[in-house]
Structures are given as structure tokens and as C-alpha cells.
Amino acid sequence: MDVLLTKSKPTVDTEKSSNQPTNQISGSEVLLRCLVEEGVDTIFGYPGGAIMPVYDALYHYADKLTHILVRHEQGAIHAAQGFARVTGKAGVVFATSGPGATNLVTGLADALIDSTPVVCITGQVFAHLLGTDAFQETDVVNTTIPVTKWNIQVTEAKDIANAVAKAFYIANSGRPGPVLVDITKNAQNEMIAEADYHKCESIRTYKPTPVLQLSQVEAAAQLINNAKRPYILAGQGILLSGATEELKAFSEKTGIPVACTLLGLGGFPSDHPNYVGYLGMHGNYGPNLNTNECDVLIAIGMRFDDRVTGNVSKYAKQAKIIHIEIDKAEINKIVKTEVAVNADAKEALQILLEKCSKNRHQAWIDSFTRLNNIEYEKVIVKEFNPTGELTMGEVINHLSNFTKGEAIVITDVGQHQMVTSRYYKYKNPRTNVTSGGAGTMGFALPAAIGAKLGVPDKEVLAVIGDGGYQMTVQELGTIMQYQIPVKIVVLNNNFLGMVRQWQQLFHGKRYSFTEMQNPDFVKLAEAYGIPARKVEAREDLQGAIKEMLASKTPYFLEVVVGKEDNVFPMVPAGAGVSDVLLEEPKD
């Protein structure tokens with residue numbers, strides 16, 4: 001499919017027109033025009049030698065494209081992820097060759113497993129130098145094949161538009177994901193005739209949206225209509241397909257309880273009477289236990305990650321499983337399904353809503369409530385009303401209450417991530433942004449930058465542990481330069497907390513290289529011109545949070561929490577979801 005077409009010219013006298021100059025532009029300008037045509041307005045990047053022609057052309061596009069200079073390429077791609085997750089549009093990244101390109105690999109892997117659309121443009125050495133180990137040459141295409149949905153190397157300017165069009169189509173369609181276009185320096189410099197840009201709308205060998213089989217929906221509806229204890233597990237596919245209203249209507253009509261995966265949080269209102277909680281290793285007690293009590297399990301837009309299933313041999317063996325999933329590769333990969341609906345979640349739910357009977361399952365929903373009340377008495381009361389050190393749970397509870405569950409919350413990876421997922425009451429879609437499948441420490445700070453730039457009218461909170469914060473702390477420079485008013489909350493326990501918890505519970509409290517000596521975080525923030533405050537006493541906590549939320553500028557808040565503050569419930573590694581722990585096991 002060719003997308004770069006020569007502009008049609010009126011018929012003129014050939015002899016007269018032969019001496020008229022043809023308008024020509026560089027490959028770099030072709031690239032920028034393509035981005036404008038794709039509706040791109042924000043780019044995250046870091047310049048270097050192999051992509052310098054693109055940056056030279058970008059100098060003249062300041063009125064059309066906003067470029068954010070990050071402090072590290074990993075920061076660029078995480079920022080692009082944050083931007084994509086809150087806007088639903090592909091995030092765009094520029095990086096140079098060699099180390100610039102390889103610094104994107106972690107973010108590409110993160111975006112692939114979490115289905116985040118990102119388009120990365122990398123510069124490359126001149127085509128005639130490929131394979132010669134030239135300065136800053138890396139085979140970025142073969143390096144990134146395992147961590148991209150699609151990638152390509154372009155060595156001639158005439159192929160740039162075609163590659164970019166395909167890149168955006170592939171990144172955004174079907175199950176979204178990251179793509180990479182590697183452009184040699186000669187292709188960036190080469191002059192070619194101006195041409196029209198045509199967006200890609202199909203590729204012969206790529207069918208991103210499967211054709212829904214009505215017979216499978218009818219089979220699913222029959223199971224649901226006859227079920228006594230049906231149960232919906234809602235994943236990120238609900239958000240990606242824009243199916244939040246359909247899910248709500250389906251649950252209300254059928255009376256079926258809904259639990260959300262980590263990335264599915266926000267896909268169903270947390271204050272809805274049919275919402276029963278958060279699934280997974282540190283999820284709510286009721287959702288985990290009742291997974292092994294339901295008779296029909298309806299999984300929508302989720303992939304049965306091991307953090308959800310625990311030991312698969314003990315997972316929902318009593319249930320007939322309906323799996324609604326756009327990616328055929330995920331169906332029957334982990335669990336055996338009774339009915340597989342390979343389709344877009346929104347499309348499937350719209351038809352399922354028509355086929356299913358109106359019903360109520362109040363007694364079944366009440367069983368979740370009873371179990372979650374046990375969790376409340378054994379775990380949550382202690383988190384929200386502690387008598388000793390500040391706890392992560394009480395901090396998140398205050399954040400949730402003060403923002404009414406309506407802020408966009410970006411979390412890093414670790415204990416604080418699980419606590420935030422448990423206690424922040426997400427009310428709206430695309431307000432929970434975290435690194436799920438890859439578990440990338442250092443994700444939150446740059447992702448919060450991208451999120452705030454994507455939806456500047458929304459409050460954006462970055463909740464981070466002291467370990468992950470220091471992995472990308474240099475992005476405070478980006479916040480300083482562009483005065484991006486993100487609110488940063490670091491829960492500091494001077495430990496790599498999640499690893500320490502495992503060492504405490506399963507390795508005889510041998511804290512092997514998990515205790516951290518941290519810098520003065522407040523002085524560090526102030527060095528970047530960011531107002532900052534540290535809280536160690538409970539009586540200061542609520543006032544500090546209010547001060548932070550009232551700020552119109554970036555703000556840093558450090559909260560010192562208990563060094564051995566653990567996250568429960570917890571499904572131990574290798575255990576089934578019914579083996580969930582509510583407290584530290586007794587010796």
C-alpha cells in the first residue's frame with residue numbers, strides 16, 4: 001500500500017513546464033508533516049547526531065508540534081506512555097541511534113505487555129555505514145523485535161510517509177502496542193518532491209479487529225442466563241475499547257458483580273453497588289475467594305495474568321469460563337474456556353446486553369460484602385486508623401477522599417502501587433496509570449509528566465516509592481523546565497519495600513540488600529525549583545496533602561511511613577487465590 005502520492009498537476013505545455021522548479025522537501029520534513037497529519041501535537045524526545053536532521057526541521061515546526069526535552073530516553077517513552085494512557089492517542093518519541101535507541105527498550109517492553117500505543121522514531125547512521133559498527137550504530141530493528149508490535153527501518157526518504165502511516169495504524173488498532181520506525185540519516189537529509197499524505201486504513205496481512213461470531217455470544221448468553229453465581233472480571237480491554245458504559249449497563253441488567261484487574265481499575269465505578277473490588281495478589285479478600293465459588297466466570301478484556309490467577313491448577317476449577325478478548329493469542333493460553341468470544345469488548349458487550357435476561361444476584365453480591373467486611377476488620381481498620389507509624393494506606397485514603405476519587409493517579413511499582421490500587425477509589429476511566437505486566441520501577445515520574453501534558457485540566461498525582469523514584473528522578477529537570485504542575489508523593493520507608501516484604505515473610509527476615517540510604521528528597525526537589533514538604537507526624541499529614549492539592553505549581557510531598565509496613569491481603573507465590581493471607585503467618 002503506497003501512501004505517499006505525487007500531487008496531481010493540471011495539464012500544461014510540457015515544453016514550458018520542463019524548466020519550472022519542483023517543490024522539494026527533506027525526508028525530515030516529510031516525517032514532521034506526517035506527524036501533523038496524524039494529529040500529533042506533543043513529542044517527547046532527546047536529540048543526538050543520527051536524528052539531528054529531524055531536530056533541525058523541527059525548529060521550524062514550533063507552531064504545530066510541541067517537543068518536550070526529557071533528561072533520559074527512558075523518561076521519553078514512559079512520558080509517551082502516560083500521555084497515551086490518559087488520552088487514548090498514541091504517544092510519540094524521538095531518540096537518536098545507538099544508546100539513545102536502546103534506552104527505549106524498557107519502555108517498549110512495558111508498553112507492549114500493557115497494550116499502550118506508542119510510536120518511536122529513532123535516527124540511524126547513514127545507510128552505507130549499516131553493518132560496519134559505525135559510531136553509535138546499533139541494530140535497533142532486531143534488538144526491538146521482541147518488544148514491539150511492529151518495527152521497520154527506512155533507508156530512503158520516499159518510504160518515510162508509508163512507514164509512518166503504517167506505524168500509527170498498527171499502534172492504535174486492535175490490541176494497541178508500541179511500534180518503532182528507524183530512519184537512516186541519509187533518508188532524513190534526502191530531498192524529494194512534495195506529496196500528499198494518506199493515512200493507512202488497512203493492511204492486507206493484518207486484521208486487527210476480529211469478526212464477532214454471533215453463535216459464540218449466544219452461547220455465552222445462555223450460560224449467563226442460567227448461572228446462579230456469575231462473576232465478571234474486568235480488565236484493561238474495557239478501557240481500551242471504550243466499553244465502560246456498556247459494562248455498567250450489562251452489570252445492571254444482569255445483576256452480576258464486577259471486580260477489576262490492576263489495569264482495569266477505573267473501568268467500572270468504585271462506588272457502584274455491583275462493584276466488589278480489586279483482583280489479584282494484593283487484591284480484596286472477597287474477589288479472590290469468590291473466584292473459586294462462582295459457577296460462571298466472565299473475563300472481559302483481560303489475559304489471566306499470573307498475578308490474578310495465582311496457581312493456575314487451583315484457579316476457578318468449578319466455573320465455566322467465558323473469555324471475551326480481542327487478541328486471539330490470549331484465549332486458552334492460561335485457562336481453558338468454555339466459550340471464547342474473540343472480539344472487541346465494546347462490540348461483544350453491546351450484543352451480549354441484548355441477549356442476556358434481566359436478573360438479580362443480590363445474595364451472591366452479599367457474599368462478597370461479608371468477605372470484604374472480614375478484610376475491613378482485620379486489615380483496613382489498622383491501615384486507616386493506626387496507632388504507631390504512618391501507614392501507606394492512610395496516606396492513600398486521604399488522597400482518595402480529598403480528590404473524591406477523580407484525580408489521575410500514576411503509580412510506580414512496589415508496595416505503594418498495591419496500596420494505591422487497593423485504597424484509591426477510582427470513579428472514572430483512564431485515571432489509573434501504572435506499569436502492570438512489566439513492573440517497571442521508575443515508570444511513574446515521567447509517566448505523570450506525559451499524563452499532565454495529555455490532560456492539563458485534570459489533577460495528576462504521582463505516587464511513588466523511594467526506590468523507584470530515584471530511578472528516573474532526573475526528570476525533575478523536565479518538570480522544572482516546562483513548569484508541569486504534577487503533584488509528587490513519595491512514600492518513604494527507606495527500603496525496597498515489596499522485596500523486603502517477601503524477605504520478611506518467606507526468607508526468614510534476611511533483608512539482603514533492600515535497605516536504602518536516601519538523600520534529602522526535599523532539598524533535591526527544591527534544587528529543581530519545586531516546592532517541597534516532608535511529613536513524619538500524623539497530625540501534619542492532612543494539612544500537607546491539602547497544601548499540595550491547592551498548589552498551582554509542581555509540588556513534592558515526602559511522607560515517611562513504617563519501615564516494615566506490609567501489604568495485605570496477599571496471595572503467596574505458588575498458592576491459589578483461595579489461599580490468600582490477611583496477616584503475617586504465625587511461625
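All values below were derived from every heavy atom in this structure, side-chain atoms included, with hydrogens, water molecules and symmetry-related copies excluded.
Under the 4.5 Å side-chain criterion, counting only non-hydrogen atoms from C-beta, Asp305 is not in contact with Thr261. Using a 4.5 Å cut-off on side-chain heavy atoms (C-beta onward), Lys378 and Tyr285 make no contact. Between Met498 and Met418 there is a side-chain heavy-atom pair separated by less than 4.5 Å. Between Asp457 and Val455 there is a side-chain heavy-atom pair separated by less than 4.5 Å. Side-chain atoms of Asp565 and Glu389, non-hydrogen and from C-beta on, never get closer than 4.5 Å to each other. Side-chain contact between Val395 and His416 is absent, with no heavy atoms from C-beta onward closer than 4.5 Å. Two residues are said to be in side-chain contact when any heavy atoms from C-beta on lie closer than 4.5 Å; Val118 and Leu108 fail this criterion. Under the 4.5 Å side-chain criterion, counting only non-hydrogen atoms from C-beta, Ser421 is not in contact with Thr434.
For the residue pair Thr411/Tyr424, the side-chain donor-acceptor check at 3.5 Å is not satisfied. In this model, no donor atom of one side chain and acceptor atom of the other lie less than 3.5 Å apart for Thr116 and Asp114. A donor-acceptor contact closer than 3.5 angstrom links the side chains of Gln470 and Asn518. For the 3.5 Å distance criterion, the side chains of His272 and Glu252 qualify, holding a donor opposite an acceptor. Side chain to side chain, Asn290 and Ser367 meet the donor-acceptor criterion of an N or O pair below 3.5 Å. When only modelled atom types and interatomic distance are considered, Thr514 and Gln503 share a side-chain donor-acceptor pair under 3.5 Å. Between the side chains of Glu584 and Asn566, not a single donor N or O lies within less than 3.5 Å of an accepting N or O. At a cut-off of 3.5 Å, with distance as the only test, no side-chain donor of Thr209 or Asp344 sits close to an acceptor on the other residue.
The shortest heavy-atom contact between Val561 and Thr391 is CG1-C, 4.0 Å. Heavy atoms only, all atoms of each residue included: Ala448 and Ala462 are closest at CB-CB, 3.8 Å. Closest approach of Asn288 to Gly280, counting heavy atoms only: ND2-O, 2.9 Å. The shortest heavy-atom contact between Asn311 and Ser313 is OD1-OG, 2.5 Å. Shortest non-hydrogen contact noted between Arg85 and Asn432 is NH2-O, 4.1 Å. Annotation for Arg538 and Glu394: closest pair NH2-OE2, 2.8 Å, computed over non-hydrogen atoms.
Within a 6.0 Å sphere centred on NZ of Lys458, heavy atoms belonging to other residues, nucleotides or ligands number 12 at most. Counting non-hydrogen atoms of other residues, nucleotides and ligands closer than 6.0 Å to NZ of Lys320 gives a total of 12 or fewer. More than 12 heavy atoms of other residues, nucleotides or ligands sit less than 6.0 Å from atom NZ of Lys317.
The OH atom of Tyr275 sits 6.5 Å away from atom OG of Ser270, with the distance rounded to the nearest 0.5 Å. For the atom pair CG (Leu289) and SG (Cys294), the distance works out to 12.0 Å, reported to the nearest 0.5 Å. Atom OG1 of Thr309 and atom CD1 of Ile334 lie 7.0 Å apart (nearest 0.5 Å). Rounded to the nearest 0.5 Å, atoms CD1 (Ile300) and CG (Leu247) are 5.5 Å apart. Once rounded to the nearest 0.5 Å, the distance linking CD1 of Ile331 with CG of Asn342 reads 4.5 Å. In this structure, NE2 in His398 is found 9.0 Å from CZ in Phe384, a value given to the nearest 0.5 Å.
Lys487 places a side-chain N or O within 3.5 Å of a backbone atom of Met548 that can act as its donor or acceptor partner. With Gln501 contributing its side chain and Val567 its backbone, the two residues share a donor-acceptor pair below 3.5 Å. Of the possible polar contacts, none joining the Lys382 side chain to the Pro386 backbone as a donor-acceptor pair under 3.5 Å is found. Without hydrogens or angle criteria, His282 side chain to Met570 main chain gives no donor-acceptor distance under 3.5 Å. For Asp110 (side chain) and Thr106 (main-chain N/O), no donor-acceptor pair under 3.5 Å exists by modelled atom type. Counting only distance, with no hydrogens or angles, the side chain of Lys427 and the backbone of Gly405 share no donor-acceptor pair below 3.5 Å. No side-chain donor-acceptor contact under 3.5 Å links Lys248 to the backbone of Pro269. Judged by distance alone, with hydrogens and angles left aside, the side-chain atoms of Tyr469 form no donor-acceptor pair with the main-chain N or O of Ala444 at under 3.5 Å. In this structure, Asn492 contributes its side chain and Val560 its backbone to no donor-acceptor pair below 3.5 Å. Although no hydrogens or angles enter the test, the distance criterion places no donor-acceptor pair under 3.5 Å between the side chain of Thr254 and the main chain of Asn359.
A search for side chain to side chain contact (heavy atoms under 4.5 Å, CB included) contacts involving Gln222 returns Asn226, not counting sequence neighbours.
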Given side-chain contact (heavy atoms from CB on, under 4.5 Å), test Ile77 with Phe44 step by step and report yes or no.
-> CA-CA 7 Å; Ile77 191 164; Phe44 304 92; over 6 Å; no

May I have the step-by-step check of side chain to side chain donor-acceptor pair (under 3.5 Å) for Asn373 and Glu377, ending in yes or no?
-> CA-CA 6 Å; Asn373 284 340; Glu377 293 300 325; over 6 Å; no

Worked check of side-chain contact (heavy atoms from CB on, under 4.5 Å) between Asp271 and Lys425 = CA-CA 8 Å; Asp271 55 356; Lys425 303 303 181 186; over 6 Å; no

Using the side-chain contact (heavy atoms from CB on, under 4.5 Å) rule, take Ile321 and Thr337 through it: C-alpha gap first, then chi angles, then the decisive distance, then the call.
-> CA-CA 5 Å; Ile321 295 176; Thr337 59; 4.0 Å; yes

Steps toward side-chain contact (heavy atoms from CB on, under 4.5 Å) verdict (Ile324, Leu352) = CA-CA 11 Å; Ile324 301 172; Leu352 199 58; 4.1 Å; yes

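A salt bridge does not link Arg422 with Glu383: every distance from a Lys NZ or Arg NE/NH1/NH2 to an Asp or Glu carboxylate oxygen is 4.0 Å or more. With respect to Arg229 and Glu293, no salt bridge is recorded, no charged nitrogen being found less than 4.0 Å from a carboxylate O. With respect to Lys563 and Glu515, a salt bridge is recorded, a charged nitrogen being found less than 4.0 Å from a carboxylate O. Ion pair Glu330/Arg303 not flagged as a salt bridge, since none of the NZ, NE, NH1 or NH2 atoms sits closer than 4.0 Å to an Asp/Glu carboxylate oxygen. Ion pairing between Glu218 and Lys355 holds under the 4.0 Å rule for side-chain N and carboxylate O. A salt bridge links Asp579 with Lys314; the closest basic N to acidic carboxylate O contact falls under 4.0 Å.
Using cut-offs of 30° and 60° on the angle between ring planes, the pair Trp364 and Phe368 is perpendicular.
Stacking of Arg500 on the aromatic ring of Tyr511 is recorded, both the 6.0 Å distance cut-off and the 45° axial limit being met.
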